[in-house]
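This is the structure I want to talk about, given as structure tokens.
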Amino acid sequence: MASLDQKSPNVLLQSLCCRIIGKSEADVAHQFQYAVRVIGSNYAPTIERDEFLVSEKIKKELLKQRREADAALFSELHRKLQTQGVLKHRWSILYLLLSLCEDPHKPSRVLIHALSFCPRQGASYGALFAQALHRDTHSTPFYCARPQSLSLSHPERSGLAQNPNSMGTSGFSSLGVYSVNGPTAAPQILLAGQQTAGDTLRQTLGSHLGWNLLPNSSPSSAPASRGPLLLITPPARAAPRQRRDGDSNAEIGEAALVRDILYVFQGIDGKFIKMCNQANCYKIDEKVPLSRSLRDISSRLAELGWLHSKVRKYTDARSLDRAFGLVGQSFCASLHQELKEYYRLLSVLHSQLQVEDDQGMNLAAESNLTLRRLLVWTYDPKVRLKTLAALVDYCQGRKGGELASAVHAYGMTGDPYMRALVQHILGLVSHPILNFLYRWIYDGELEDTFHEFFVASDPSVKTDRLWHDKYTLRKSMIPSFITMDQANKVLLIGKSINFLHQVCHDRTPPGKTASKSTDSPRDAAELFTDLEGTFQGKIDAAYFDTSKYLLNVLNRNYLLLEHLQAMRRYLLLGQGDFIRHLMDLLKPELARPATTLYQHNLTGILETAVRATNAQFDSPEILKRLDVRLLEVSPGDTGWDVFSLDYHVDGPIATVFTRECMSHYLRVFNFLWRAKRMEYTLTDIWKGQMCNAKLLKNMPELSGVLHQCHILASEMVHFIHQMQYYITFEVLECSWDELWNKVQHAQDLDHIIAAHEVFLNTIITRCLLDANNRSLLNQLRAIFDQIIEFQNAQDALYRSGLEELQLRLQFQERKRQRQEEGEWGVTTEQEAEEGRRVQGFQETIPKMRSQLRILTHFYQGIVQQFLVLLMTSSDESLQFLSFRLDFNEHYKARDPRLRASLGTSRGRRSSNM
């Protein structure tokens, strides 16, 4: 243990102090305590720790003194020293010797003597250190990284002052020893040697004291001096900082340019460097005597002032512009922060220059404010200001989200330095946008006074159009770091909240309580850097909670799905028993002219049809909305042409069933009602044929006409049945099934509205009600008209035949009665009259046959043209419909165009299969 204690740093340091001073351990207690504090301090040299550079500097110093032999000897000794592994820190020893050599009052041969002593004596360097420490320890330039150390107590200082071997002051006092509470006096002596060495050291320290103290100060007041720790250069190496006043042609000193440059850094014209408005840069007057190198360096440094002025002008102009908005003000604030850091650098440079001036002397070359040092120190600030200036140029004329997009675009770079700077600015700029966004998605509030947010509101829109027209996206204000899908979700979330509040009158919070504002711009920056993670999670959570709650309110309180099904049952004729019974009840009324109809009569018939069918079991909320509407009357219209069912919508469900949607429903209902009427008419025609065929079988002259009617009626029935199948199953049922699946899986109200619009557009298109199928619809209406004409012609034929049959039966009945009475059945005159009447009837049959033939030809011509139009349609379902409508390929044989089209289409169909 004793051997271990002898090797401890404290024991070795105490032994070193005893060896150097030559006294016992009790006598060197104060020196030992101070040495411990010095070793534990943060003093560090100001030059680079390079052994080669120090040795080269020593050789240059020797050559400057014209001591070439000593320089060669130093090189040889240094080479020998490098070959031996005795010293681990040769750089420290060389640096110490160089510092001792720089004392103008000491001979430089101490270097040679010391180095010659080192390799000759091996590991014994204590004497060399003692000699150096006794002589010029204080002349070594240091700076204090953290100016704090433990100060000696007052008794210790007084004790040292009374020491007979103490000297005037120690060189470390010039380094400025500080305590936690402020600057304190340094000890009056560090180490003491023999009496002769003390006298020499006393003279040396006295000669240096004048350089270490402030002007007009005394040795006793030197330790209490204030100010930052500076690098001190001996007078022998000092350079003049300013030119003499009497020498006007002398070249401007570098110190004067440094002072000018510091003014230019702040955008202020200096004495020699001024702003040139024409060239838009800082220039040095050509008449000023200045070397080219200094002129070039000054121009490069002056660019920093130009960049500062550019950024400062932008912030000063925009900070006073209230219309610039919160995002713009945040951008200006971020620029001010960067300029504030820049001003801190200028403050340090100015304080350094001020301290040098206050000292009344020039400092060491390692600490002077030179142009080259400024060029190095301002490299990073210059890159930073260049980025800010370029950003200012790029952001001119932008505000709000567009400004945030511009800042974000500058962050898309591989330079980590520039990216970190832009990310910091983006955090400040995006903070107001994130506050806008949170208030919108959690409260539905939109306080965007200067139109900076990407959600816009139109206050002129009424409540019934809130969902469709009141809120829209400003695409130019969508930040580039927010995707269009996220922007649409943000719009939908706030729109849903306002819809619940203003239309549904529901103030219940739709989801979990969440944070409604960001804590800091840093939180905003971190959130926007994780757009696919945290930010997307917040948007999705608010979106799903709000949309789900809104759909639940609409389905539970306003029966949205039930109303949708009611549209299918009544306006799209899905309730078959109700539609059939309603048509039976309305037939007498609708056969009358349209001008003789009264809505209240039709409403009573509607209520009767509801009570007599399964429609009576629907919800009263639905049945009370069902009504009758009479369309605009045109000359010659009957009740069939103007009758329509209607469904009243209001409140929140009117958002889905808008006026445009209800007009589409009315168009589709009129088409389906007309097609259903054709089916109803053909059913009556068939019933008439079945009933009258047996009655008129005793009139053989009508057999040909009746057969012709049966054939034409069969063609019409086939056509109508195929059309009804196409409309009912391929159009309505398929579209409805697709709509219902989308509604069941809809995530928000927009999905339901979009699916409903697709459903209506599909029906409008495939039922030939759109503008592209206008010619097909006209042909189909012409076919419907021909069916009505055929019904009228057949009714007239049956009336004429039945009247003739009735007359013939009456003639036979009178004949039988007269025979029963015992008289002749008829007279010759009566029989001749009967023959003339029968002949007259028979003469009308060719007219009836001709009328039916014309009707058939006209009908088949319209169907043929209709089939041709179907084949040329771009909709494949309409092309397939033409195959079914071709009655036993009858039309294919009649029209070569149709034959070619059908063949081509079928070939294409088979190839696809």
Side-chain angles (χ1 to χ4, degrees), residues 562-633 637-649 657 661-688 717 720-721 723-729 731-733 736 760 763 767 769 780-781 784-785 787-788 791 795:
E562 285 77 358
H563 288 299
L564 194 61
Q565 291 176 331
M567 295 288 183
R568 171 69 179 95
R569 289 199 303 269
Y570 298 113
L571 296 186
L572 301 182
L573 310 187
Q575 190 76 26
D577 59 335
F578 167 76
I579 297 299
R580 180 67 188 186
H581 190 61
L582 178 64
M583 191 169 287
D584 289 339
L585 296 177
L586 289 174
K587 182 178 178 181
E589 289 289 332
L590 299 183
R592 297 164 51 190
T595 54
T596 62
L597 296 180
Y598 295 98
Q599 187 168 355
H600 61 276
N601 294 335
L602 300 178
T603 302
I605 296 175
L606 174 64
E607 294 176 356
T608 302
V610 169
R611 290 194 297 267
T613 59
N614 289 330
Q616 62 180 318
F617 301 109
D618 279 343
S619 171
E621 177 67 20
I622 293 175
L623 294 178
K624 73 178 184 180
R625 297 177 182 271
L626 191 62
D627 199 1
V628 171
R629 171 183 287 193
L630 294 177
L631 305 179
E632 186 177 353
V633 178
D637 286 345
T638 63
W640 292 103
D641 299 320
V642 298
F643 174 80
S644 177
L645 286 180
D646 194 13
Y647 197 86
H648 299 291
V649 292
F657 305 106
C661 292
M662 296 310 299
S663 65
H664 291 336
Y665 272 114
L666 291 180
R667 290 180 62 191
V668 175
F669 173 82
N670 291 331
F671 174 78
L672 298 177
W673 182 257
R674 188 183 294 269
K676 183 63 71 174
R677 180 193 175 191
M678 295 302 105
E679 184 181 2
Y680 188 82
T681 300
L682 288 175
T683 301
D684 289 344
I685 290 175
W686 180 82
K687 286 167 40 176
V717 168
I720 294 300
H721 283 179
M723 286 297 301
Q724 283 290 94
Y725 175 84
Y726 167 76
I727 294 172
T728 303
F729 295 99
V731 178
L732 294 179
E733 287 300 327
W736 172 257
L760 286 179
I763 293 176
C767 287
L769 299 177
L780 186 59
R781 287 178 177 176
F784 291 167
D785 293 339
I787 293 175
I788 301 298
Q791 181 188 30
D795 289 345

d(M583 CE, T683 OG1) to nearest 0.5 Å is 10.0 Å
Practice problem: Start with the C-alpha distance between F578 and V610, add both sets of side-chain angles, then the distance that settles side chain to side chain contact (heavy atoms under 4.5 Å, CB included), and finish with yes or no. | Solution: CA-CA 7 Å; F578 167 76; V610 169; 3.6 Å; yes
Using side chain to side chain contact (heavy atoms under 4.5 Å, CB included), reason through L645 and L582 one step at a time and then give a plain yes or no.
CA-CA 11 Å; L645 286 180; L582 178 64; 4.2 Å; yes
Margin query: Could you go through I720 and Y680, starting from their C-alpha distance and side-chain angles, then the distance that decides it, and tell me whether this counts as side chain to side chain contact (heavy atoms under 4.5 Å, CB included)?
Written below: CA-CA 10 Å; I720 294 300; Y680 188 82; over 6 Å; no
| message | Tell me the closest heavy-atom pair linking L602 and E589, and the distance in Å. | response |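 For L602 and E589, the tightest heavy-atom pair comes out as CD2-CB, 4.3 Å.
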Minimal heavy-atom distance between M662 and L571, with the atoms involved, is CE-CD1, 4.1 Å
query = Are H563 and V649 close enough that some pair of their side-chain heavy atoms sits under 4.5 Å apart?
reply =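 Result no, sub-4.5 Å side-chain heavy-atom pair not found.
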The reported gap from CD in Q616 to CG in L623 (rounded to nearest 0.5 angstrom) is 9.5 Å
Task: Minimal non-hydrogen separation, A609 against H581, with atom names - done: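 Residues A609 and H581, closest heavy atoms: CA-CD2, 3.7 Å.
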Which atom pair, heavy atoms only, marks the closest approach of T596 to R592?
->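 Heavy atoms of T596 and R592 come nearest at O-NH2, 2.9 Å.
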Problem - Heavy-atom side-chain proximity of Y570 to D618 below 4.5 angstrom - result: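 Touching, per the 4.5 Å side-chain cut-off.
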* Asked: Quick one: do the D577 and Q575 side chains pair a donor with an acceptor below 3.5 Å?
  ->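 Yes, Q575 and D577 have a side-chain donor paired with an acceptor closer than 3.5 Å.
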Other residues, nucleotides, ligands: >12 heavy atoms within 6.0 Å of R629 CZ:
no
To the closest 0.5 Å, what do you measure between CG (L606) and CG (D627)?
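So the CG of L606 and the CG of D627 are separated by 7.5 Å.
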From I788 atom CD1 to T681 atom OG1, the distance as rounded to the nearest 0.5 Å =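 So the gap between those two atoms works out to 4.0 Å.
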| message | I'd like to check Q791 versus M678 (side-chain heavy atoms, cut-off strictly below 4.5 Å). Are they in contact? | response | no
| So, do I622 and Q565 sit near enough that their side-chain heavy atoms are less than 4.5 Å apart? | no
Check: Hey, are the side chains of K587 and D684 touching, using non-hydrogen atoms and a 4.5 Å cut-off?
Finding: yes
Next on the checklist: With side chain to side chain contact (heavy atoms under 4.5 Å, CB included) as the criterion, how do R674 and W640 come out once you've worked through the C-alpha distance, each side chain's angles and the decisive distance to 0.1 Å?
Outcome noted: CA-CA 8 Å; R674 188 183 294 269; W640 292 103; over 6 Å; no
So R677 and L590, do their side chains get closer than 4.5 Å, heavy atoms only? no
Q: Would you check if L732 and R568 make a side-chain contact, meaning some heavy-atom pair closer than 4.5 Å?
A: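 Yes, at least one pair of side-chain atoms sits under 4.5 Å.
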The reported gap from CG in D641 to CD in E632 (rounded to nearest 0.5 angstrom) is 13.0 Å
Side-chain donor-acceptor pairs under 3.5 Å in residues 664-673, sequence neighbours left out?
from	atom 1	to	atom 2	distance (Å)
Y665	OH	H756	NE2	2.8
R667	NH2	L769	O	2.2
N670	ND2	L666	O	3.1

* To do: Could you tell me whether a side-chain N or O of R569 sits under 3.5 Å from a main-chain N or O of G574, the two making a donor and an acceptor?
  => no
Pairwise side-chain contact, V628 with I605, heavy-atom cut-off 4.5 Å (strictly under) | no
Rounded to the nearest 0.5 angstrom, the CZ-CG distance for F643 and L586 is 4.5 Å
